[in-house]
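Numbers here are sequence positions counted from 1. Treat the numbers as computed from the prediction; the structure is a model and nothing was measured. Counting convention: from 1, in listed order, for ligands and their atoms alike.
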Amino acid sequence: MALTERLFWQDPYQQSFDARVIRRLEWEGRPAVVLDATCFYPTSGGQPHDTGQLNHVRVLDVVEHGDEIVHVLEAPLTEDPVEGRIDWARRLDHMQQHAGQHILSGAFAQTVGAHTVSFHLGPAASTIDLDCNELSTQAFDKTEELANRIVVEGHPIQVSQHDEVALQSVPLRKAPQVEGLVRVVSIPEFDYSACGGTHPHTSGEVGLIHIERWERHQGQLRVTFLCGLRAVRDYRHKSRLGRDLAAHYSVALDELPAALERMEIAADDARRAEARLRTRLLDLQTAVLSDTAEQVGNRRIVCHYLKDTDAAGMRQIAQQLIQQSGMVVALGVTNPSPQFCLARSPDVELDMVAMASELAGPYGGRGGGRTHMAQGGGLSHDDLLAMLNDARARLAF
Ligand SMILES: [Zn+2]
């Protein structure tokens with residue numbers, strides 16, 4: 001099996017290189033090559049692979065396969081030797097997130113004795129899982145402060161190789177997962193980690209380190225964080241969001257929570273006032289309808305289209321009217337759609353369900369309910385008005 005020289009370990013800042021093709025293969029249905037040397041970092045240790053080009057062919061994926069590094073390509077690569085170039089913006093971003101993770105994990109160990117058990121570098125944000133299930137907000141603030149202090153102090157980030165014996169004198173934060181020669185990435189007197197990733201030469205290049213949020217995850221604490229340009233972009237976005245919201249409500253940013261709370265209280269008050277007014281309005285409508293009821297024998301007939309009332313209001317009015325004796329009611333509304341309600345007082349012997357079918361049926365409408373109160377719809381506005389006229393004629397026989 002061929003060995004690929006890992007140029008990204010020798011110089012993580014190297015962006016282009018010349019190499020010979022050792023092997024051509026197919027990887028999950030796509031053309032792929034193994035080179036004698038590469039700047040392309042393969043997905044490993046929580047850090048995603050580089051992208052870029054070999055000659056003019058896009059590198060879609062980079063996979064570690066034994067001692068080989070497989071470059072998965074968009075199209076077959078026939079030339080040899082090849083010139084490779086990695087996407088530097090993506091690599092720099094990965095270096096910032098990865099070195100930032102070392103610093104943040106070291107800071108958690110130092111401030112609260114919490115140990116990092118796993119790391120994931122995601123496309124938008126990165127996470128570490130800590131071996132504890134609760135930390136105070138102050139603990140996170142203190143840790144973020146320490147991590148950023150390590151950044152601004154501009155410590156060197158060093159790489160060294162150690163055999164098993166020499167490794168015993170290195171205060172590693174976590175036991176290595178590999179045997180033989182171990183690559184140690186260290187910020188002297190602060191953090192020592194066994195790591196195969198790519199890192200900048202100084203902590204200052206990591207830039208801002210920001211803990212975005214944290215939550216319990218499978219008995220551990222998952223911490224989401226952003227470093228470098230990601231943190232700057234996130235800060236810009238949130239800062240503008242806050243500024244625009246504050247401007248929209250004409251308050252200072254710090255006054256926004258209190259302003260929103262005041263608005264919620266005002267909205268609640270308005271809802272309660274509206275409910276009171278609605279009840280009052282329905283009572284008045286009921287009283288007017290009752291006063292204008294048509295006396296036919298010992299029955300009082302109310303047939304009416306309620307222009308500005310909705311279906312719930314119509315039901316409420318009908319229910320109030322039939323509490324009076326001898327009442328027979330046919331009401332209609334068009335909000336939210338043409339609907340009718342046929343109801344009668346307990347002392348009137350009429351089957352309102354049968355009447356609903358009888359009256360709405362000719363117009364293609366339908367109704368149902370109970371013998372003292374039926375509701376229905378499914379007819380047009382004009383047909384609803386016609387049906388109410390039919391109801392009046394039918395009830396005033
Ligand atoms: Zn690392």
Please give the remaining members of the hydrophobic cluster of Leu35, linking ILVMFWY side chains under 4.5 Å, ordered by chain and number. Leu7, Phe8, Trp9, Tyr13, Phe17, Val21, Val33, Phe40, Tyr41, Leu54, Val57, Val59, Val62, Ile69, Leu73, Leu77, Val82, Ile86, Trp88, Leu92, Met95
So does Glu64 pair up with Arg6, basic N to acidic O under 4.0 Å? yes
For the Zn ion (ligand 1), how many protein N, O or S atoms lie at less than 2.8 Å? 4
Tell me whether the count of non-hydrogen atoms from other residues, nucleotides or ligands lying under 6.0 Å of CD in Glu215 goes above 12. yes
Would you call the rings of Phe119 and His98 parallel, tilted or perpendicular, taking 30° and 60° as the class edges? tilted
Could you point out which residue of Leu331, Val329, Asp283 forms a side-chain contact (heavy atoms from CB on, under 4.5 Å) with Ile317? Leu331
Search all heavy atoms of Arg230 against all heavy atoms of Gly122 and return the closest pair with its distance. NH1-O, 2.9 Å
